2 protein chains.
Amino acid sequence: MSDLDDTDRRILELLATDARRPYSDIADDVDLSPPAVSDRVAKLREAGVLRRFTVDLDRARLRDGTQVLVEFAVRPGREAEVQAAVEGEDAVEHVFVTAAGDVVCSARLPVADVSAWVADAVALDAVDDYDVTAVASSSWQPTVGGVDLALACDECGNTVTSEGETATIDGDRHHFCCGSCRSQFVDRYERLDADA
Amino acid sequence: MSDLDDTDRRILELLATDARRPYSDIADDVDLSPPAVSDRVAKLREAGVLRRFTVDLDRARLRDGTQVLVEFAVRPGREAEVQAAVEGEDAVEHVFVTAAGDVVCSARLPVADVSAWVADAVALDAVDDYDVTAVASSSWQPTVGGVDLALACDECGNTVTSEGETATIDGDRHHFCCGSCRSQFVDRYERLDADA
DNA sequence: AATGAAAGGATTAAGCC
DNA sequence: GGCTTAATCCTTTCATT
């Protein structure tokens with residue numbers, strides 16, 4: 001699969017609304033047969049666009065701790081480490097890494113003592129500072145949105161059209177807008193792999 | 001249903017991992033029959049705990065605009081308005097309302113001109129200021145987490161035990177820890193309704 | 001990508017504790 | 001009220017074109 005068409009987009013929209021919707025329902029909507037929908041869904045998963053089928057829980061209705069936003073001022077070069085650390089925490093729901101390298105996460109903590117949790121979750125010498133804000137309410141919109149859905153080249157970020165190419169590395173499929181982006185990416189991977 | 005037990009918690013966990021998992025699979029895991037699982041899922045949906053089955057998309061693989069975090073310093077009393085405004089925007093994925101009344105949202109914008117989007121999305125006289133941060137990467141964890149899952153009273157926030165009560169208002173089910181919380185909630189609703 | 005057959009899952013109803 | 005079993009209906013998958 002090299003690009004996403006309107007049908008893929010529609011399938012994702014329908015699944016975002018109800019991930020347990022029968023493929024036969026979706027098939028009716030997009031004028032395909034159920035196996036064709038199943039195929040497309042499998043390809044969307046392979047491509048990594050569709051990460052998983054999941055649930056949207058109303059955590060506010062659960063006694064699931066207090067929700068807080070924690071902003072970490074991360075020391076240069078330690079971003080990936082802090083990101084991985086907070087993503088490994090059960091209490092963490094969302095993680096944002098800003099272009100400046102700071103890490104913002106939302107977490108639900110059973111305790112009022114956020115400091116203790118932070119000290120436990122991340123290496124304190126990796127951050128200069130952190131800031132905690134209590135969250136009164138939050139929501140999430142699983143809509144696909146009005147923006148064009150098309151694959152982005154894993155090398156240069158440009159749109160991948162039907163002339164695009166793909167490569168499977170370590171079981172992950174990567175997409176490229178052209179052959180040169182593909183070889184650049186694959187070469188770099190092989191160099192890194194050889195070093196390791 | 002008045003409280004969530006370990007089985008409900010496990011069912012939510014399994015569905016968070018894969019929302020299309022067959023109920024018969026889940027039934028095996030929790031030692032129940034498939035209809036029993038189906039019943040519990042239906043009740044979790046009725047209770048509003050399980051909002052919807054949905055998908056986790058890797059938007060970074062899509063040309064879906066640039067992701068930004070926008071923090072609004074909201075004028076006192078206009079929080080709900082700003083929250084509703086950003087939630088109504090297609091581009092917005094997450095919305096957090098802090099205890100201080102500020103609104104933080106993550107959005108994916110097709111344009112570089114975030115200011116124009118903001119001016120369009122919210123009434124500018126409702127905010128004192130806003131701050132935009134570019135996001136390099138983000139993730140979301142649909143795990144239920146290690147925290148006890150139990151219903152919270154919609155009136156006072158305390159844990160709802162099996163002695164709790166429920167009320168259905170406008171098709172939504174509400175849960176209360178005791179009869180007095182229930183009547184307080186229902187009375188308030190009826191007063192508001194009479195005023196309208 | 002469609003078709004049709006076979007396998008597998010969901011839901012209903014009846015009955016039990 | 002919550003559970004189970006059994007029967008029915010629906011959905012998905014696979015082989016084929």
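Chain naming here is simple, since letters A, B, ... match the order of the sequence lines and numbering starts at 1 in each. Computed from a prediction, not measured in an experiment: that's the story for all the values here.
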>> Expressed as a whole number of angstroms, how long is the span from A/Ile11:CD1 to C/dA1:C1'?
In response: 12 Å

>> Measuring to OP1 and OP2 of D/dG1, would you say a side-chain N or O of B/Lys43 lies under 4.0 angstrom away?
In response: no

> Taking CG from B/Asp28 and C1' from D/dT4, how many angstroms apart are they, rounded to a whole number?
Replying inline: 14 Å

> Whole Å only: how far is the CG atom of B/Leu32 from the P atom of C/dG9?
Replying inline: 17 Å

> Ion pair present between B/Asp8 and B/Lys43, side-chain N to carboxylate O less than 4.0 angstrom?
Replying inline: no

Sub-3.5 Å pairs of nitrogen or oxygen atoms, protein against nucleotides 14-17 of chain C:
none

> Can you tell me how far P of C/dT3 sits from CG of A/Asp39, to the nearest Å?
Replying inline: 15 Å

> What is the minimum heavy-atom distance between B/Ala19 and A/Thr54, and which atoms define it?
Replying inline: CB-O, 3.3 Å

> Can you name the closest pair of heavy atoms from B/Leu69 and B/Ser106 and give their distance?
Replying inline: CD2-CB, 3.8 Å

>> Which residue in the set A/Asp56, A/Asp18, A/Asp58 passes side-chain hydrogen bond (donor to acceptor under 3.5 Å, both in side chains) when paired with B/Arg52?
In response: A/Asp56

>> Please give me the minimum heavy-atom distance between B/Cys153 and B/Phe176, naming the atom from each residue.
In response: SG-CA, 3.6 Å

> How close or far is atom C1' of C/dA1 from atom CD1 of A/Ile26, stated in whole angstroms?
Replying inline: 17 Å

> Given the rule that I, L, V, M, F, W and Y join up when any side-chain heavy atoms are under 4.5 Å apart, are B/Val95 and B/Trp117 in one cluster?
Replying inline: yes

>> In this structure, how many angstroms lie between the C1' atom of C/dA1 and the CG atom of A/Asp8, rounded?
In response: 14 Å

> Distance from A/Glu13 atom CD to B/Leu57 atom CG, nearest 0.5 Å?
Replying inline: 10.5 Å

>> Looking only at side-chain N and O atoms, does B/Ser137 offer a donor or acceptor that is under 3.5 Å from a partner on A/Gln83?
In response: yes

>> Quick test of your reading of the model: are B/Arg40 and B/Asp5 salt-bridged, counting only N-O distances below 4.0 Å?
In response: yes

> So, for B/Cys105 and B/Val92, which heavy atoms are closest and what is the spacing to 0.1 Å?
Replying inline: CB-CG1, 4.3 Å

>> Between B/Asp31 and B/Arg10 (salt bridge meaning N to carboxylate O under 4.0 Å), is one present in this structure?
In response: no

Table of protein N/O atoms under 3.5 Å from nucleotides 11-16 of chain D N/O atoms:
from	atom 1	to	atom 2	distance (Å)
D/dT12	OP1	A/Tyr23	N	2.9
D/dT12	OP1	B/Arg20	NH2	2.8
D/dT12	OP2	A/Tyr23	N	2.8
D/dT12	OP2	A/Ser24	N	3.1
D/dT13	OP2	A/Ser38	OG	2.9

>> So if I take the C1' atoms of five pairs at each end of the helix from C/dA1-D/dT17 to C/dC17-D/dG1 and get each local axis, what angle do the two axes make, rounded to 10 degrees?
In response: 30°

